[in-house]
Structures are given as structure tokens and as C-alpha cells.
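For reference, the structure is listed below as C-alpha cells.
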There are 2 protein chains.
Amino acid sequence: METQATQLELEKAASVLKLLGDKTRLSMVKLLEKNDCCVCEFVAIFDISQSAISQHLRKLKDLGVVKEKRKGQWIFYSLNRESELYALVENILRFVPDQDERISELEKQGLRISCE
Amino acid sequence: METQATQLELEKAASVLKLLGDKTRLSMVKLLEKNDCCVCEFVAIFDISQSAISQHLRKLKDLGVVKEKRKGQWIFYSLNRESELYALVENILRFVPDQDERISELEKQGLRISCE
DNA sequence: TCACTATATCAGCATATGCTAATATAAACA
DNA sequence: TGTTTATATTAGCATATGCTGATATAGTGA
């Protein structure tokens, strides 16, 4: 038996689903499940412009799915686990395959990420 | 602890989320969780054209989220519980509020549904 | 201060989406 | 058979979405 889920307004639930209904954003959120990431990491991982990455993160942040924290010149994004949406997001991510190879691929290619 | 979820391809998962990321379709699927519905019921419930209803159902059917069964002049839609997508759909629906008032509202207004 | 790096924002474009109105298809029934 | 009812399909339109390229903003460090 599954635990009781805190229900969301229909509209809010639909917004989250729509937001995660994009391959790039879903993949980003799955990556954030395990590790916080800075923007430049996403830029290295995905084959789209920095501008596009930034716009995806903006949407995720606007709805409260992720949050940001500046660390020197970098801005790290993480899942917003305090959000009322988090339970739903977490549940969805259980069905989404790990995106870790995206990172290890980068490492193999010597494009190792170094926002430290 | 939650049960182990059967994972879907990223692309497939994103398609489901995108599909359910529409208020009308999410509401439809939530209604189907409890009862099979024929098209005319949806038409009575939602404030959009019969054509629009039909198009939403088509999308849901194309991905395998719902299935249809003709009963005389009516076509009844139901959740496709055999689909590999069903576990995800079911899980999502736990976070979505009941849409039963939509039906009882109709009844109150004397617009009772009668596809029997 | 100036240059460099990281990130965000803006404008513009091509494509996707959801809707309506009109029409087609199919079952039911006189 | 012809009419009515239920549903699907098509065309066309307005708006939303995701992207790029250009530019703005902000921290870092010489």
C-alpha cells in the first residue's frame, strides 16, 4: 500500500506535469535528485545553448520545483524539497531512468566538470 | 518505503507527463480512475466543444493511457490498466483531487448523464 | 580599474498546441 | 430506407513553447 499523498490543486498538478513533460527538464530534475548542479554543468551535458538551459531552469524555479544558491561565481541548483510539489516530483522520478551516464560520458570525453 | 517502480524510457515518461500536463486531460483521467465514461459525458462536463473532447481522448488513446470500447451507439473510455504507463499514471493521480463534483454538479442542474 | 567567466534576459523565429466550426462516419431506430 | 444521435476528423486560427543569437548583469582576480 502506498502512503497517503498530499493532494494538490488540479491546476497546480497540471503545471508540474507540463513542466516535467519536457525531456530536457525531466532529465535535469532527475540529475538534481542525486546531485546539485551548476548551470555550466547542464550546459556541458545538454546539446542546447546556455540561454536555453537558463530558460529551462527559470521555469523550474518559477514553479518552485528547484531552488538556487550562489557559490562564488557559480549558481547551484537543487531540488526544492520543502515545496508542496516535492512529493509528486519525487514520485514521478521513481519512474524515470538514471541520467548518470550523461555525466560519466562527459568525464570519458575529458570534458570533466569543474565548478569547485 | 514505496514499492519499486518499473522505469520507463525518459522519452516515454516525458510524453505521459506532457499529456497529463493539461487541465482538461488530467481531469478526464482522474474521472476515469473511478468510472468509465462515454464521450457525451465528457462533453456535458467540460465547457469545450465535442471536437475538442474527441481530440483530447485521441491523444490519450494514442499513447495508450486510455482505451475505448463501443457499447451500442456509445463509446466508453477507460483507463488502460494493462499499459506499462499505468503505474506512473496511477501514482500521479494520487496527488490529484477528486473530480466527482463535476458529475454531481451536472446532476444538480438536471443535466443528468444517461448513456445507459 | 579592466578583463574574464558564469549566468540571465531579450527579441525574434519556427513549430506545437488547443480550440472552434464544418463535415464525415457509424450505429439505432422509425 | 431515411433520420437522429454519438463520435471522429479536418482545416484554420490564435496562442504557447523551445530554441538561437545578441546583449546585459554580476562575481573574480590581475
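Labels below follow one simple rule: chain letters A, B, ... track the order of the sequence lines, proteins then strands, and each chain is numbered from 1. Everything numeric in this text was worked out from a predicted model, so none of it was measured.
Side chain of B:Trp74, nearest nucleotide from C:dT20, D:dA8, D:dA6: D:dA6. Listed nucleotides D:dT5, D:dT20, D:dA8 differ in distance to A:Ala52; the shortest reach to its side chain belongs to D:dT20. The side chain of B:Val39 lies closest to D:dT7 when the candidates are D:dT20, D:dT7, C:dA8. Considering only the side chain of A:Cys38, C:dT7 comes nearest among C:dA28, C:dT7, C:dA8.
Remark: P of D:dT7 and CD of B:Glu68 are 11 Å apart, rounded to the nearest angstrom. The interatomic distance linking B:Leu60 (CG) with C:dG18 (P) rounds to 10 Å, in whole Å. Going from atom CG of A:Leu19 over to atom P of D:dG18 covers 8 Å, rounded to whole Å. In this structure, B:Ile53 atom CD1 and D:dA8 atom P are separated by 11 Å, rounded to whole Å. If you take CZ of A:Arg58 and C1' of D:dT25, they are 14 Å apart, rounded to a whole angstrom. Here the C1' atom of nucleotide D:dA8 and the CZ atom of B:Phe42 are 16 Å apart, to the nearest Å. Atoms CG (A:Leu57) and P (C:dT7) sit 10 Å apart, rounded to a whole Å. Across the protein-nucleic acid pair, B:Arg70 atom CZ and D:dT7 atom C1' stand 7 Å apart, rounded to whole Å.
Residues B:Phe42 and B:Leu32 have side chains in contact (heavy-atom distance under 4.5 Å, counting atoms from C-beta outward).
With hydrogens and angles ignored, a donor-acceptor pair under 3.5 angstrom links the side chain of A:Ser51 to the base of C:dT9. Counting atom types as modelled, B:Gln50 pairs a side-chain N or O with a base atom of D:dA8 as donor and acceptor under 3.5 Å. At a cut-off of 3.5 angstrom, counting only N and O atoms as typed in the model, there is a donor on one side and an acceptor on the other between the side-chain of B:Gln55 and the base of C:dT20.
Taking 4.0 angstrom as the limit, A:His56 places none of its side-chain polar atoms (N or O) nearer than this to OP1 or OP2 of D:dT17. For C:dG18, one of the phosphate oxygens OP1 or OP2 lies less than 4.0 angstrom from a side-chain nitrogen or oxygen of B:Lys59. Taking side-chain N and O atoms only, A:Arg25 has a distance below 4.0 Å to OP1 or OP2 of D:dG18.
Contacts of B:Lys61 with the nucleic acid, taken as non-hydrogen atoms under 4.0 Å apart, are absent. Backbone-only engagement by B:Tyr77 is indicated by non-hydrogen atom pairs under 4.0 Å involving sugar-phosphate atoms exclusively. Across all strands shown, A:Lys18 has heavy atoms under 4.0 Å from sugar-phosphate atoms exclusively, and none from any base.
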Using the side chain to side chain contact (heavy atoms under 4.5 Å, CB included) rule, take B:Thr6 and B:Leu88 through it: C-alpha gap first, then chi angles, then the decisive distance, then the call. CA-CA 9 Å; B:Thr6 324; B:Leu88 172 56; over 6 Å; no
Is there a salt bridge (Lys or Arg N to Asp or Glu O under 4.0 Å) between B:Asp98 and B:Lys34 once you walk through the steps? CA-CA 9 Å; B:Asp98 237 292; B:Lys34 281 201 180 170; 3.4 Å; yes
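The 12-atom threshold is exceeded at CD of B:Glu90, counting heavy atoms of other residues, nucleotides or ligands nearer than 6.0 Å.
Sequence order on DNA chain C of the closest nucleotides to B:Ile48 and A:Val43 puts A:Val43 first from the 5' end. Across the interface with DNA chain D, nearest-nucleotide mapping of B:Gln73 and A:Asp47 shows B:Gln73 to be the residue nearer the 5′ end. Residues A:Asp22 and A:Gly72 both approach DNA chain D. Their nearest nucleotides, taken by heavy-atom distance, put A:Asp22 toward the 5′ side.
No hydrogens or angles considered: a donor-acceptor pair under 3.5 Å links the side chains of B:Ser51 and B:Gln55. A:Gln99 and A:Arg102 share a donor-acceptor pair across their side chains, judged by distance under 3.5 Å alone.
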